[in-house]
S.K.: 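Pasting a structure below so you can have a look.
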Amino acid sequence: MSEISQIKKINNMLTSKEISCEELTKSYLAQIDKVNGDLNAYVNVTPDIALASAKKVDEKLAKGEDISLLAGVPMTLKDNISTDGIETTCCSNILKGYKPIYNATVWNILKEQDAVLLGKTNMDEFAMGSSCETSCFGGAKNPHSFDHVAGGSSGGVASAVGGNIAAYGLGSDTGGSIRQPASFCGIVGLKPSYGAVSRFGLIAYASSLDQIGPITTNVEDTAIIYDAISQYDEKDSTSQGKKGCSTCEALKKDIKGMKIGIAREYLEGVRDDVKEAIENAVKVYESLGAEIVYFNLPALKFALPVYYILACAEASSNLGRYDGIRYGYKTPTYENVNDMICKTRSEGFGDEVKRRILLGTYVLSAGYYDAYYKKAQNLRGTIVKAFKNAFDSCDVILAPTVPMTAFKVGHAASDPIETYLTDICTVPVNIAGLPAVSLPCGFNPKGMPIGMQLIGNTFCEGTILNAAWSYENKVRDSVFKSPELGVKL
Amino acid sequence: MKYEMVAGLETHIELGTNTKIFCNCTTAFGGDPNTHCCPICIGLPGTLPKLNKQVVEYAIMAGLATNCEIARVSKMDRKNYCYPDLSKAYQISQYDMPLCEGGYVELSNGRKIRLTRIHIEEDAGKLIHDRGDTYVDYNRGGVPLIEIVSEPDIRSIDEAKEYVEKLQLIMKYIGISDCKMQEGSMRCDVNISVRPQGSQTLGTRTEIKNMNSITYMAKAMEYEFNRQVDVIENGGKVDQETLRYDEVTDTTSSMRGKEDAHDYRYFRDPDLVTINVTDQQIEALKKTLPELPNARYSRYVNDWGIPENDASLLTKYKKVSDFFEAACDGTENPRTAANFIIGQIFRTLENDSAKEEFNVAITAQNLNQLIKLLDSKKIRMNLAKSTLDKMLETGKPVNQLISESDMGGLDDATMLKLCNDAITANPNAVNDYKNGKEKAIKALLGFVMKNSRGKADAVAVERTIKEIIK
Amino acid sequence: MVSHDDVIQIARLAKLSIKEDELDALTGEMQNIIDFADTINSAAESGEAFDNINNLSNVFHDDVVIPSYPTEKILENAKDVADDCFLVKKRCD
Ligand SMILES: [Mg+2]
Ligand SMILES: [Zn+2]
């Protein structure tokens with residue numbers, strides 16, 4: 001049986017000397033050269049850094065040293081993950097040219113294991129968007145169809161991984177930014193439990209919702225990366241690391257008797273092709289011996305406005321620091337300090353970012369705090385509790401990742417509210433701090449991928465990845481289809 | 001009409017921790033610009049704060065020392081405002097759940113100035129303005145502060161001064177801050193209003209920001225009190241505004257226009273977790289607290305019979321008070337040590353800050369030895385005083401300055417001989433005495449004391465001389 | 001209702017400058033978003049108290065100094081620097 005895990009496959013190739021790490025890296029770099037013009041996945045390719053790491057791995061192999069499973073595996077990071085000395089822009093004009101002087105904890109972990117960083121990938125500006133099109137570099141395209149978006153905000157990672165110009169990547173998910181593009185690009189994306197992965201070095205959008213997670217072509221790779229990066233970090237006060245055993249060990253257990261819950265609210269307003277794919281997935285789970293339980297989660301009704309209020313409030317505060325003084329863009333002409341700050345921000349931020357800053361400022365301001373921020377915070381408590389109760393009667397919740405498939409390029413930007421609605425299935429998980437994995441579950445008639453998500457109780461990544469792997473193992477050939485692009489291993 | 005001042009103070013005190021409140025950079029004062037900085041305290045994107053445990057403990061100690069209730073649950077909030085000295089565009093502070101609430105500071109007139117709250121927060125960086133350009137140094141950014149907010153209980157400039165001095169003293173006693181106003185480690189904002197004497201309602205207040213000396217605070221309050229009275233007397237209304245005090249012109253002026261009215265948009269900092277304090281922790285911290293200045297003062301006056309003035313001089317400086325306590329240890333009369341310190345040791349210390357520092361050559365143990373020699377009558381006061389001067393000059397211990405034979409006192413035969421010598425050498429004095437001039441005896445006494453190098457017991461000598469002459 | 005003045009005031013707090021000709025469109029947009037946010041106020045329940053997501057408490061750093069960064073590193077990303085400080089000039093044309 002051929003190896004599904006790209007990571008294991010590469011590790012086998014390297015340790016068996018079938019290919020050198022330098023050759024492997026060069027073939028990825030060559031494919032990036034070839035297809036990134038179409039995909040616009042990478043905003044900054046780092047061949048020197050990649051080849052230096054590759055050389056190091058080759059030297060270790062030549063000396064007969066053991067290498068880690070992730071050593072030499074070519075990968076990418078979303079451009080909001082800080083990399084020492086490597087430009088990190090959040091795809092915003094306000095951060096162009098900014099080179100962090102420290103590493104994000106996740107990058108330190110992977111670097112330590114000799115990961116090969118091919119470059120930094122595209123995203124919606126400051127992770128605010130669902131199509132990657134608010135990026136100052138223009139949006140990333142869908143590897144299944146270049147005239148469709150890759151999704152967002154981690155569109156670049158999904159485009160690169162889906163287009164086989166990175167073996168895996170790390171994105172961040174504040175309201176669906178890992179799961180939604182993974183779903184649009186027909187691959188796997190995990191949003192870990194809040195606190196499982198250190199946020200240190202992740203440029204904040206909304207601190208109480210942000211989590212870093214893996215985007216991969218298959219469930220096992222997601223488990224491998226999750227196990228590697230879910231470490232307690234003393235630099236992040238909200239960090240807890242992985243709780244319980246390795247998810248890789250839990251991955252291939254029999255799911256007979258596992259209770260899979262369906263909350264009816266998740267299926268409201270979902271497009272027919274998506275609904276049909278979800279219903280088919282339910283049948284697959286039944287055939288695997290899982291027990292399906294239906295229930296209601298009325299608290300979900302308010303999830304979307306609660307999300308936008310809380311996320312924008314935090315963002316308005318987190319993004320106050322971009323004032324042109326210490327780093328990033330600074331307006332060339334100004335009258336005084338205040339004018340310098342206002343001009344810098346107005347010229348440096350894009351429209352969607354400004355919109356969210358204004359909303360966030362509004363909901364926190366005197367006279368409005370109670371009606372919006374405080375109320376939203378209380379409803380957050382309600383949503384947390386509702387999920388807690390739901391997990392008394394099931395092990396995982398199955399839901400669509402997005403109510404639709406990838407939209408055509410240029411279609412997202414028209415109406416902000418309509419764009420926000422695409423996040424309706426993904427935001428509840430962030431609000432409640434839960435883990436959720438998105439994985440492919442079919443294609444629409446035009447060949448665009450459809451994704452579903454499996455939501456687990458806090459720190460139950462092992463359970464949802466076990467359910468995800470079992471599904472993938474059963475239906476891999478029909479729903480996990482990679483486009484004819486990029487590196488063929 | 002007579003007017004009364006109503007004032008409340010917000011006092012910022014820098015805590016004497018080793019590291020900043022949210023990172024491990026040093027809090028050392030000064031240093032070249034931007035040398036005490038890291039990605040966290042200059043607010044680089046992606047960095048996260050982690051609260052300094054010592055800050056919480058020091059703040060609890062401050063609360064306990066000022067009779068506050070310590071919150072068992074509290075949290076950190078963001079106070080949002082954009083200014084170049086604030087690297088994140090928000091200050092991490094505490095809003096609706098401060099670490100300490102209630103409490104009071106008692107003044108010498110018996111009035112208690114109530115405290116609303118004490119909370120912890122971070123200091124901002126420093127802006128240096130030069131010819132209109134602004135230079136930013138973040139060395140002080142992230143240095144931990146406590147902010148002590150009083151109720152509007154202060155009724156006079158003297159009360160305000162004493163309140164600040166008391167706070168300063170308490171914080172120094174418990175060792176959580178050096179409270180150096182000239183280095184900015186203690187600063188006050190004064191909220192001040194006026195009202196007709198006898199009235200119970202509060203007038204409109206103004207806030208004078210950032211007073212960093214008690215003298216200027218007093219001047220600013222005086223100016224502002226008179227200004228507000230003038231406004232009211234002239235039929236006007238006091239505007240609620242934030243003022244800056246100009247030391248050169250001795251006036252206050254408005255700091256910002258109405259249109260920049262602040263709206264801090266406080267909300268809980270999602271990067272930091274809840275602070276839980278247990279009863280055991282509070283008890284443990286209580287045990288570490290030393291006796292506080294007010295308690296020491298009362299003990300000196302009531303138990304030790306030290307005059308009030310001396311007692312307040314002794315408690316005014318923590319180091320002096322500690323020195324005094326050690327010097328008294330095991331001695332019979334604390335007033336001896338008090339007199340030595342105030343009379344002789346203070347004379348070698350030029351000013352307030354020298355007394356504060358209390359860098360003297362003599363150790364408390366050495367002074368204690370000297371006093372014990374006096375107590376056991378091994379030496380006389382005159383010798384003790386001259387020895388103390390030598391000790392202060394040379395730093396030598398008692399036993400190097402006074403020999404065994406000096407300490408032996410004077411045997412009776414030698415004393416008798418010296419008395420006879422005195423009478424022979426001063427016939428005029430003897431005559432004067434015999435003619436009823438009581439005072440003439442002093443000359444004879446002086447002769448003996450001098451020739452015995454202070455070792456003679458003056459009372460015994462006087463008695464002996466009188467007996468011989470009679 | 002969101003007024004022009006509201007938007008101007010909010011923008012001032014957020015340190016964003018708004019051009020006269022953007023004001024109408026932006027006010028309308030803000031109104032739509034606020035209306036959307038307002039749907040939470042149709043919730044019957046007042047909600048549950050919410051603390052922090054995993055109810056964590058007492059995470060502290062020890063009061064031990066770690067050497068700071070070299071000043072060149074601290075200033076490396078700034079556009080204007082003078083005398084080891086970040087610099088904002090009086091004006092710039
Ligand atoms: Mg304050
Ligand atoms: Zn620091």
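Order of the sequence lines fixes the chain letters, A, B, ..., with proteins taken first and strands second; residue numbering starts at 1 for each chain.
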S.K.: C:Asp6 side chain to C:Ser3 main-chain N or O, any donor-acceptor pair under 3.5 Å?
M.R.: yes

S.K.: Between B:Ser185 and B:Asp178, is there a side-chain donor-acceptor contact under 3.5 Å, judged purely by atom types and distance?
M.R.: yes

S.K.: Under the criterion salt bridge (charged side-chain N to carboxylate O under 4.0 Å, His left out), I'd like the reasoning laid out for B:Lys88 against B:Glu122: C-alpha separation, chi angles, the key distance, then a yes or no.
M.R.: CA-CA 11 Å; B:Lys88 303 183 294 297; B:Glu122 58 182 332; 2.8 Å; yes

S.K.: Please determine whether the number of non-hydrogen atoms from other residues, nucleotides or ligands lying under 6.0 Å from atom OH of B:Tyr83 exceeds 12.
M.R.: no

S.K.: Heavy-atom cut-off 4.5 Å, strictly under: side chain, backbone, both or neither for B:Ile40 against chain C?
M.R.: neither

S.K.: Using the rule given for side-chain hydrogen bond (donor to acceptor under 3.5 Å, both in side chains), can you reason through B:His12 versus B:Glu14, listing the C-alpha separation, both sets of side-chain angles and the distance that settles it, and then say yes or no?
M.R.: CA-CA 7 Å; B:His12 287 91; B:Glu14 230 169 73; over 6 Å; no

S.K.: Hey, what's the ring geometry for B:Tyr95 with B:Tyr266, parallel, tilted or perpendicular (30° and 60° as the breaks)?
M.R.: parallel

S.K.: Which one wins on heavy-atom pair count under 4.5 Å against chain B: C:Asp83, C:Val65, C:Asp80, C:Asn77?
M.R.: C:Val65

S.K.: Need one label for B:Lys75: side chain, backbone, both or neither, based on atoms under 4.5 Å from any heavy atom in chain C.
M.R.: neither

S.K.: Sort by residue number and list every residue of residues 47-55 of chain C having at least one heavy atom under 4.5 Å from chain B.
M.R.: C:Asp51, C:Asn52

S.K.: Just to be sure I understand the criterion: a residue of residues 86-93 of chain C counts if one of its heavy atoms is under 4.5 Å from a heavy atom of chain B. Which ones qualify?
M.R.: C:Phe86, C:Leu87, C:Val88, C:Lys89, C:Lys90

S.K.: Measuring from B:Ile120:CD1 to B:Met76:CE, what's the distance to the nearest 0.5 Å?
M.R.: 4.5 Å

S.K.: Go through the steps to decide whether B:Thr11 and B:Glu147 satisfy the test side-chain hydrogen bond (donor to acceptor under 3.5 Å, both in side chains), and finish with yes or no.
M.R.: CA-CA 5 Å; B:Thr11 311; B:Glu147 180 174 336; over 6 Å; no

S.K.: Looking only at heavy atoms and a cut-off of under 4.5 Å, which of B:Cys37, B:Ala89, B:Cys38, B:Gly125 has the most pairs with chain C?
M.R.: B:Cys37

S.K.: Is there a side-chain hydrogen bond (donor to acceptor under 3.5 Å, both in side chains) between B:Ser254 and B:Glu241? Walk through the geometry before answering.
M.R.: CA-CA 7 Å; B:Ser254 192; B:Glu241 58 185 341; 3.1 Å; yes

S.K.: At a heavy-atom separation under 4.5 Å, does B:Tyr138 approach chain C through its side chain, its backbone, both, or neither?
M.R.: side chain

S.K.: Who among C:Pro70, C:Ser68, C:Ala82 has the most heavy-atom pairs with chain B under 4.5 Å?
M.R.: C:Ser68

S.K.: Could you tell me which portion of B:Val56 (side chain, backbone, both or neither) has an atom closer than 4.5 angstrom to a non-hydrogen atom of chain C?
M.R.: side chain

S.K.: Would you tell me whether C:Asp38 and C:Asn41 have side-chain atoms, one donor and one acceptor, within less than 3.5 Å of each other?
M.R.: yes

S.K.: Hey, is B:Asp77 close enough to B:Arg268 for a salt bridge, meaning N to O under 4.0 Å?
M.R.: no

S.K.: Without swapping roles, check the side chain of B:Asp137 against the backbone of B:Asn139 for a donor-acceptor pair under 3.5 Å.
M.R.: yes

S.K.: Taking atom CD of C:Glu20 as the centre, report whether more than 12 heavy atoms of other residues, nucleotides or ligands fall under 6.0 Å from it.
M.R.: no

S.K.: For each of B:Ile42, B:Asn52, B:Asp32, tally heavy-atom pairs with chain C at distances under 4.5 Å, and name the one with the top tally.
M.R.: B:Asn52

S.K.: Check whether B:Cys41 gets within reach of chain C through its side chain, its backbone, both or neither, counting any heavy atom under 4.5 Å.
M.R.: neither

S.K.: Please check if the number of heavy atoms outside B:Asn210 that lie under 6.0 Å from its CG is greater than 12.
M.R.: yes

S.K.: Pick one of side chain, backbone, both or neither for B:Ile275, based on which atoms fall under 4.5 Å of a heavy atom in chain C.
M.R.: both

S.K.: Considering only heavy atoms and a distance below 4.5 Å, find which of C:Leu56, C:Val81, C:Leu75 pairs most often with chain B.
M.R.: C:Leu56

S.K.: Counting only heavy atoms closer than 4.5 Å, note whether B:Arg131 contacts chain C via side chain, backbone, both or neither.
M.R.: backbone

S.K.: Heavy-atom pairs under 4.5 Å with chain B: which of C:Asn58, C:Asp62, C:Val64 has the most?
M.R.: C:Asn58

S.K.: Within 45 degrees of the ring normal and closer than 6.0 Å to the centroid, is that where the cationic atom of B:Lys318 sits relative to B:Tyr173?
M.R.: yes

S.K.: Which one of B:Asp133, B:Thr134, B:Asn24 has the most heavy-atom pairs closer than 4.5 Å to chain C?
M.R.: B:Asn24

S.K.: Does the B:Asp269 side chain pair with the main chain of B:Asp271, one donor and one acceptor, at a distance under 3.5 Å?
M.R.: yes

